[in-house]
Structures are given as C-alpha cells and as structure tokens.
There are 2 protein chains.
Amino acid sequence: MQNTRKGSGMRIGELARRTGVTTRALRYYEEQNLLTAERSGSGQRHYAETAVERIHLIRQLYAAGLSSKAIAELTPCVIEGRATPELLQRLAVERNQLDRRIADLTHTRDRLDSVIDGASSNLHTGAPCPRDANAETRTDSYRLAGTQPRPEAAAG
Amino acid sequence: MQNTRKGSGMRIGELARRTGVTTRALRYYEEQNLLTAERSGSGQRHYAETAVERIHLIRQLYAAGLSSKAIAELTPCVIEGRATPELLQRLAVERNQLDRRIADLTHTRDRLDSVIDGASSNLHTGAPCPRDANAETRTDSYRLAGTQPRPEAAAG
DNA sequence: CTTGCCCTTCACGTCGACGTCAAGTTTTAC
DNA sequence: GTAAAACTTGACGTCGACGTGAAGGGCAAG
C-alpha cells in the first residue's frame, strides 16, 4: 500500500492546504490533544496521510457541537477503535444530544417554511400585514419546539 | 382576549421566570433590538403577555444558528408579518443554511451510530481493537459528509 | 424610617476556537 | 551563498452571548 510519495510525511502547510484548515488551527488541535505529529530533528511537524481524514473527522465533530475536550476524549474510540464501556456511554450521550438538536432544528426549519409561505402569499395578495382577522390562529403557531433554556417555573 | 390579570404588564423578573432566561439576557435582547418594553415612570420595564412567546422564538432562532443581528432584522417579518421581498430572500437563505446544517448533522449522527455499533460489537466479542485485518474497510467509512471548511485546494 | 427585594445603568470578565503579529530558525530556490 | 518561503514558539486580540459585580433608585411591609 501507500504508493503516494510522501517521504517522511507532509509538513503543516501541505496538510493545511489539503484539509482547508489553517496552520494555526492545526497547531491548536495538537495543543488540545486532538492530533499528534512526528517531529523532525529541527522540530518541524510531519504528518502521515491518515491525518487528512482525521482532520475531517475533527471538523465534523466540532460541527456536531462537541467541544475540543469531548473530541479529545472520544477520538481514541472513533479513530483507533479503542472502546471502553465508559467511552461508549459518552458516545451515546453525544449522539442523543445531537439527535435532539437535529429535531429542534428541523422544527425551526419547518417553522421558517410556514413563515415564508405565509409572508410570500401575503406579498402576492398585496396584504402588508396578515394580522387582519385570524391573528389568534397564528399566535398558536408561534410555539415551535423544545429549546427552552431552563423550564424551572412555568406554571404559577 | 387577554383574560390573564396583568395590570400594566409583568416586570422583567417575572418574564425571566416564565421564560427561563436571565434578566441580563432580556436586557441584552432589548439592547440588540430583539425586544421592546413599555417603561413605567421610574424607568422599569413592563412587558405584555406576547413577550413570552417572543422570547421563545428568539431562543429558537439563536439555537438555529442565527446571530442577534440576523434575528433583529428578521423578527419584524416573522412576528408582525411585515415582509418585504428582501426579507423573504434573507429568510430563504437562512432556511437553506439551516437545511444544510441539518443534513450534515444527520450524517454525523449516522456516523456516530455506526461507530457505536462497531465498537459495542467489539466489546461483545472481546476484541479490544478492531484493526485486526480489515482496517482498510474501515478507513473508507471515515469520510462522513460535507462540512469541509474551505475547499480551496484539494486536488494536487 | 428602615429592611429587603427588585429594578436601573455602566462596565469589565468569561469562554472557545481560533486570528494575528512578532521574532527567530529551517528548508527551498536560484 | 543569499534571499524567500515555510516553519517554530509565544503571546495578545477577537467575537458573540451573555455573567458578574458595583452603585444607586423605587416600593410594599413592619
């Protein structure tokens, strides 16, 4: 395997170009223990080919809302397959949070859809403001989905 | 309508309790022009009942990734139905971004699912590390979904 | 009148994922 | 051999959505 000429691995600039992230970010990832690199005698970082996909994984987990700390704890499991029951538990927790976020965002998207529908039809009919007579009907649709910050007290 | 006894409207503390956000956040929203309030002679804020659902809407749009600036520009359209073609355009843009985010997150969730599946089956078979022989098979599944930061240069 | 809670307006602090400048070293190109 | 490009560590700056006091005013209860 490994028929790509890479010698002792690519340096940080090439990895940055190939992944689309800045060198600053790559050093930051290393600082956060998300990424390791071999060092040449003069201290320059050299990365293996696998680093490219690893960066993409890291970016995906960031996009999924995970913190660098969480990613650092979970990537050993995801990348190397090293799974303890505790890590699996954490993975499941993150997965479920992600699931709820997706559900909330989906509700919000649908809400935006209906808003757009209503407003554009108002534009077509020339009505500037749709609170003509059926205002109450709309106030009901204001409630979207979860995402309440702290439901400590709601019923008086 | 409005059969709830509220006199001249609730003050900021009650609104905070009923929505679950802090008073600091409410004042911040007003500062960002997301929210308006009547003022008593001594300068205290008094809110109508509709403020409660408005807060929930604001929180949802925050959760959807909108900035306070974007929310401030779009809420007139969403709340009052005041829509110009430009606002509709912006709404559509935000909706599509939201859509893509949902798709990315869904892919990441599915990826986490397969990771969990694989790792837990490894636990069950007692294998500590699944890179036994079919390591190449797995490296393929590392690629998840979009979310590449800046695809400036990928093909060399 | 005082206690106490809630309210007001500054105004600086925080946290996370980097950006950005500085100053020096190593590698590459000619 | 020299200049430019790429690299190194270090350290302060940024941005957004608030947190967290500080210093004072408003108002019902005792």
Side-chain angles (χ1 to χ4, degrees), chain A residues 5-47 51 55-73 75 94 147-150 153, chain B residues 7-47 51 55-73 75 94 147-150 152-153 156:
Chain A
R5 46 184 164 80
K6 58 189 179 62
S8 59
M10 56 191 146
R11 292 187 297 173
I12 197 171
E14 186 178 349
L15 182 58
R17 275 183 297 256
R18 288 177 59 176
T19 57
V21 310
T22 65
T23 60
R24 176 66 177 93
L26 293 177
R27 298 198 186 96
Y28 176 75
Y29 296 162
E30 182 171 334
E31 192 180 319
Q32 302 299 312
N33 298 314
L34 309 183
L35 194 60
T36 57
E38 310 267 319
R39 295 302 186 107
S40 74
S42 60
Q44 300 202 346
R45 294 169 176 83
H46 290 265
Y47 299 93
I55 301 297
H56 286 142
L57 172 64
I58 291 174
R59 298 251 40 163
Q60 287 222 328
L61 294 180
Y62 269 126
L66 302 197
S67 66
S68 62
K69 184 166 172 288
I71 298 177
E73 292 169 6
T75 32
E94 300 288 356
T147 324
Q148 271 91 334
R150 300 174 307 170
Chain B
S8 59
M10 55 191 146
R11 291 187 297 175
I12 199 172
E14 186 179 349
L15 182 58
R17 276 183 295 256
R18 288 179 58 175
T19 56
V21 310
T22 65
T23 60
R24 176 65 177 93
L26 293 177
R27 297 195 188 97
Y28 175 76
Y29 295 160
E30 181 172 334
E31 193 180 318
Q32 303 297 314
N33 298 314
L34 309 182
L35 194 61
T36 57
E38 310 267 320
R39 295 303 186 107
S40 74
S42 60
Q44 300 202 346
R45 295 170 176 83
H46 290 265
Y47 299 92
I55 302 297
H56 287 143
L57 173 65
I58 291 173
R59 298 251 46 172
Q60 287 222 326
L61 295 180
Y62 270 125
L66 302 196
S67 66
S68 63
K69 184 166 171 289
I71 298 176
E73 292 169 7
T75 31
E94 300 287 356
T147 324
Q148 271 91 335
R150 300 174 307 171
E152 295 175 333

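Each chain gets a letter, A, B and so on, in the order its sequence line appears, and its residues count up from 1.
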Student: Between P on dG10(D) and CD on E30(A), what's the gap in Å once rounded to a whole number?
Tutor: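 Taking atom P of dG10(D) as the reference, CD of E30(A) is at 12 Å.
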Student: Between atom CD in E38(A) and atom C1' in dC7(D), what is the gap in whole Å?
Tutor: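 Going from E38(A) (CD) to dC7(D) (C1'), I get 17 Å.
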Student: So, taking the atom named CG in L15(B) and the one named NE2 in H46(B), what distance separates them when rounded to the nearest 0.5 Å?
Tutor: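 It comes to 12.5 Å.
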Student: Could you state the CZ-P distance from R45(B) to dC27(D), rounded to the nearest angstrom?
Tutor: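 The answer, rounded to whole Å, is 16 Å.
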Student: Locate the shortest heavy-atom distance separating A16(A) from T22(A); write the atom from each residue and the value.
Tutor: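 Of all heavy-atom pairs spanning A16(A) and T22(A), the closest is CB-C, 4.2 Å.
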Student: Figure out the CD/C1' separation between E14(B) and dC27(D), and round it to whole Å.
Tutor: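 These atoms are roughly 17 Å apart.
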Student: Assign a letter to each nucleotide of nucleotides 17-30 of chain C from its 5' end: B, base within under 4.0 Å of a protein heavy atom; S, sugar-phosphate only; -, no contact.
Tutor: BBBB-----SSS--
Student: Less than 4.5 Å apart, any side-chain heavy atom of Q60(A) and any of H56(A)?
Tutor: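 A side-chain contact is absent here, since even the closest heavy-atom pair is not under 4.5 Å.
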Student: Using whole Å, what does the distance between atom P of nucleotide dA6(D) and atom CE of M10(A) come to?
Tutor: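 For the pair M10(A) CE and dA6(D) P, the rounded distance is 16 Å.
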Student: Axis-to-axis angle across the helix from dC1(C)-dG30(D) to dC30(C)-dG1(D), five pairs an end, to 10 degrees?
Tutor: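 Here the local axes at opposite ends form an angle of 0°.
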Student: Starting at atom OH of Y47(B), determine the distance to atom C1' of dT8(C), rounded to an integer number of angstrom.
Tutor: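 So the two atoms are 12 Å apart, to the nearest Å.
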Student: Using the test side chain to side chain donor-acceptor pair (under 3.5 Å), find all partners of T75(A) that sit at least two apart in sequence or belong to another chain.
Tutor: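 None.
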Student: Side-chain atoms of residues 26-35 of chain A: list all donor-acceptor pairs with protein atoms under 3.5 Å, sequence neighbours left out, distances to 0.1 Å.
Tutor:
| from | atom 1 | to | atom 2 | distance (Å) |
| --- | --- | --- | --- | --- |
| E30(A) | OE1 | R45(A) | NE | 2.7 |
| E30(A) | OE2 | R39(A) | NH2 | 3.0 |
| Q32(A) | OE1 | S68(A) | OG | 3.4 |

Student: To check you understand the geometry: which heavy-atom pair defines the closest contact between M10(B) and E14(B), and what is its length?
Tutor: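 Reported closest heavy-atom pair: CB-OE1, 3.3 Å.
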Student: Rounded to whole Å, please give me the gap between NE2 in H46(A) and P in dC7(D).
Tutor: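 Result: 10 Å.
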Student: List the residues meeting side chain to side chain contact (heavy atoms under 4.5 Å, CB included) with S67(B), not counting sequence neighbours, and say none if there are none.
Tutor: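 Partners of S67(B) by the side chain to side chain contact (heavy atoms under 4.5 Å, CB included) criterion, ordered by chain and then number, come out as K69(B), A70(B).
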Student: Sequence neighbours excluded, which residues qualify as side chain to side chain donor-acceptor pair (under 3.5 Å) partners of S40(A)?
Tutor: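 Once residues adjacent in sequence are excluded, the partners of S40(A) under the side chain to side chain donor-acceptor pair (under 3.5 Å) criterion are S42(A).
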Student: Please give me the minimum heavy-atom distance between A25(B) and V21(B), naming the atom from each residue.
Tutor: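 Shortest heavy-atom separation between A25(B) and V21(B) comes out as CB-CB, 4.4 Å.
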Student: Using a cut-off of strictly less than 4.0 Å, decide whether R27(B) has a side-chain nitrogen or oxygen near OP1 or OP2 of dG19(D).
Tutor: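 Checking dG19(D) against R27(B), no side-chain N or O comes under 4.0 Å of OP1 or OP2.
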